[in-house]
Amino acid sequence: MGTGCFLLTFLTRHKPQDFLITMSQVRVRFAPSPTGFFHIGSARTALFNWLYARHTGGVFVLRIEDTDQARNSEEFLNVIYDSLAWLGMSWDEGPKVGGACGPYRQSERAPIYKEYLQKLLDAGRAYEKDGAIWFKLLGERSEVFDDHRKKTVTKVANTPAVIDDQIRGRVERLEDEDFVIFRSDGNPVFHFVNVVDDIAMKITHVIRGEDHLSNTSKHVELFKAFGAPMPKFAHIPLILKQNGPGKMSKRDQGALIEEYQKKGYLPEALVNFLSLLGWNPGGDREKMPIEEIIRLFDLPAVNQSNARFDDKKLAHMNMVYLLEQPADRFVSLARAQMERQQAASALAADPAYLREVVLLSQPKIKSLEELATYTAYFFTEDFAVDAKVRDKVMAKGEPKARLAELAETLATADFSSDTAIEEAIKALATRTALSFGDYQSVGRLAVSGTNVGPSLTGMFRVLGRERVLARIAKFQATA
RNA sequence: GUCCCCAUCGUCUAGCCCGGUUAGGACACCACCCUUUCACGGUGGGCACCGGGGUUCGAAUCCCCGUGGGGACGCCA
């Protein structure tokens, strides 16, 4: 009550401008627990917090919720750091970078929790029972048998907590049972540490998944008991699994950030896609540079309904980004992906040659992941010939005659450019009254063993006359 | 079971707040065009306001009830 009165007088004595100055800047936090995986839902929660901080010029805090001591390790922590770094989200306060409200790992904040617990104890808002410490709600008590949980519980005639949610509006929820804040093993529980840290770290906006909306009444009661200013809440919709019921869990296909790293997805494509899952700037804008997303992002524009994850749309977004990568970056991305896939023969090749092969393929591929397979025949003479394609190609016209003519032409053709090779083949086609296509299918089959690939002339040029003729000869011998 | 949240094409969504649109875009799908295979791209097509009541001259839009989906009900976070 005292704080309420203070606030009232404060507001009446000061002009709006003064109030603005007093109001600190936005402080948001991302508070993952190091379970060993970085979930796509966590990534989006982190992203929305980060975007809001960057949009408002606020502070993005990283706090590690590692009170579950059994499951912590440095390795798990690194998964979080690496994933955030990969996605391009830097934190202003937190582990590694420090800050005024540290430490930022809950496992190192025990004295702070003890101190806050004492405040509750002194105020008569906490008590011990069964070796644990419980938070005490205010109101008349009565014993009631809970059919669902099959036990007698103590209900408290409390008034509903009011949650002022930036996305959902006003939400009321009644918290009518005391709850544990310190386990009998002496460790504080999530609801307690979460609120204490949000107070101690001066968090102004709590942006988190909707699965926490029901918990928020507990948190509101705690904020009130501490007499602390209530942060703004923003509960964002959940990401549902693409097939079947329920929210996406770490066991679902595509749920882990590391999967996308392994597949060579571009982080900016994933970030763009994730930003659009549950938010959009209005209108038709989809592919946007991160600066644009930051400029347009705001909490009230976030949707209220859950979104189903669609890997096809993500793959498409990734392809669009891939297509427009500058040569140098594309080559280094391709190389990194080949290293992950241990494409030994490609990596053993001359870097300049690898570069040519990769750039020749850039406009054709849909993902980095398929690049090694797509270009395999560039790096070995021992490539497989697709039997189906062979049957199909060899069944039409007179492919053997065409191949012989092609080989003869190529033996003396100018290999200095794609167009030079193209002109030579077109001249041949004119002489025989056929088309480029009549030479392409069998030529491609003989030289690459398949019917898909980059432009034929580019492929010939990069491979070089010697290897092209040798491959044709080898093919003729077996066909 | 109780409580909380949500509801437009198969999917992500615009439109909803401040009622009047041929309900728009993207992914996926189909067809055609382009083309030197495969892609990219282009054009076109099919595909949606969950149901029922109200309010109103008029409802995707406002209200209520159903139904459906999701979440929370731990000494997990």
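Proteins get letters first, then strands, A, B, ... in listed order; numbering begins at 1 in each. Being a predicted model, the structure only gives us computed values, none of them experimental. Just the heavy atoms: all of them, side chains too, but no hydrogens, waters or symmetry mates, feed the values below.
- No donor-acceptor contact under 3.5 angstrom links the side chains of A:Ser448 and A:Thr450, judged on distance only.
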Hey, what are the protein-to-nucleotides 30-34 of chain B N/O distances that come in under 3.5 Å?
none

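- Distance CZ (A:Arg109) to C1' (B:A77): 17 Å, rounded to an integer number of Å.
- Using a 4.0 Å heavy-atom distance criterion, A:Lys366 is classed as a sugar-phosphate-only contact.
- Taking the six-membered ring for Trp, A:Phe297 and A:Trp279 have ring centres closer than 6.0 Å.
- Side-chain atoms of A:Met319 lie closest to B:C40 of the nucleotides B:C38, B:A77, B:C40.
- In B:C65 the O4'-C1'-N dihedral to the base is more than 90° from 0, which defines an anti nucleotide.
- Near-neighbour residues of RNA chain B inside residues 414-438 of chain A, defined by a heavy atom below 4.0 Å, number-ordered: A:Glu422, A:Phe436.
- Of the candidates B:U37, B:C75, B:C40, the closest approach to any side-chain atom of A:Gln440 belongs to B:U37.
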Heavy-atom contacts, protein to nucleotides 61-73 of chain B, under 4.0 Å, summarised as B (base), S (sugar-phosphate only) or - (none) per nt, yield ---------BBS-
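- To the nearest whole angstrom, the two P atoms, one in B:U21 and one in B:C62, are 16 Å apart.
- OP1 or OP2 of B:C6 lies within a sub-4.0 Å distance of a side-chain N or O belonging to A:Gln304.
- Within the model, atoms OG1 of A:Thr45 and CD1 of A:Ile236 stand 4.0 Å from one another, a figure rounded to the nearest 0.5 Å.
- Rounded to an integer number of Å, the gap from CE of A:Met248 to P of B:U11 is 16 Å.
- Using a 4.0 Å cut-off between charged nitrogen and carboxylate oxygen, A:Lys247 and A:Glu210 do not count as a salt-bridge pair.
- For A:Tyr321 and A:Asn272, the side-chain atoms include at least one donor-acceptor pair closer than 3.5 Å.
- Taking atom CG of residue A:Asn187 and atom C1' of nucleotide B:A77, one finds them 13 Å apart after rounding to whole Å.
- Pairs of residues two or more places apart, or lying in two chains, that qualify as salt bridge (Lys or Arg N to Asp or Glu O under 4.0 Å) and include a residue from residues 305-317 of chain A are A:Glu286-A:Lys313.
- At a threshold of 4.0 angstrom between heavy atoms, the contacts of A:Arg168 are confined to the sugar-phosphate backbone, with no base atom among them.
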Could you pull out the protein-nucleic contacts involving nucleotides 47-50 of chain B (nitrogen or oxygen on both sides, under 3.5 Å)?
none

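- The side chain of A:Thr35 places no N or O atom within less than 4.0 Å of a non-bridging phosphate oxygen (OP1 or OP2) of B:A77.
- Comparing A:Leu456 and A:Ala31, the nucleotide of RNA chain B nearest to each residue sits closer to the 5' end for A:Leu456.
- Residue contacts shown for A:Ala307 are limited to sugar-phosphate atoms, with no base heavy atom under 4.0 Å away.
- Between the CD atom of A:Glu370 and the C1' atom of B:C38 there is a distance of 10 Å, given to the nearest Å.
- Geometric assessment of A:Lys218 against the ring of A:Phe179 yields a positive cation-pi assignment under the 6.0 Å and 45° thresholds.
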Verify ring-ring contact (aromatic ring centres under 6.0 Å, His included) between A:His219 and A:Phe190, making sure each step is shown before the conclusion. CA-CA 10 Å; A:His219 301 176; A:Phe190 163 73; 5.7 Å; yes
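- Residues A:Ser305 and A:Asn303 bring no donor and acceptor atom of their side chains to less than 3.5 Å of each other.
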Nucleotide N/O of nucleotides 21-27 of chain B paired with protein N/O under 3.5 Å:
| from | atom 1 | to | atom 2 | distance (Å) |
| --- | --- | --- | --- | --- |
| B:G25 | N2 | A:Glu286 | OE2 | 3.1 |
| B:A26 | O2' | A:Glu286 | OE1 | 2.9 |
| B:A26 | N3 | A:Lys313 | NZ | 2.8 |
| B:C27 | OP1 | A:His316 | NE2 | 3.3 |
| B:C27 | O2' | A:Lys313 | N | 3.4 |

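- Between A:Phe48 and A:Phe30, the gap from one ring centroid to the other reaches at least 6.0 Å.
- Between the CG atom of A:Asn280 and the P atom of B:C16 there is a distance of 12 Å, rounded to whole Å.
- Atom NZ in A:Lys151 sits roughly 20 Å away from atom P in B:G1 (whole-Å rounding).
- Across B:U37, B:U13, B:C40, the shortest atom-to-atom separation from the side chain of A:Leu323 is found for B:C40.
- When each of A:Trp50, A:Phe60, A:Tyr81 is checked for a ring pair (Phe, Tyr, Trp, His ring centres under 6.0 Å) with A:Trp91, only A:Tyr81 meets the rule.
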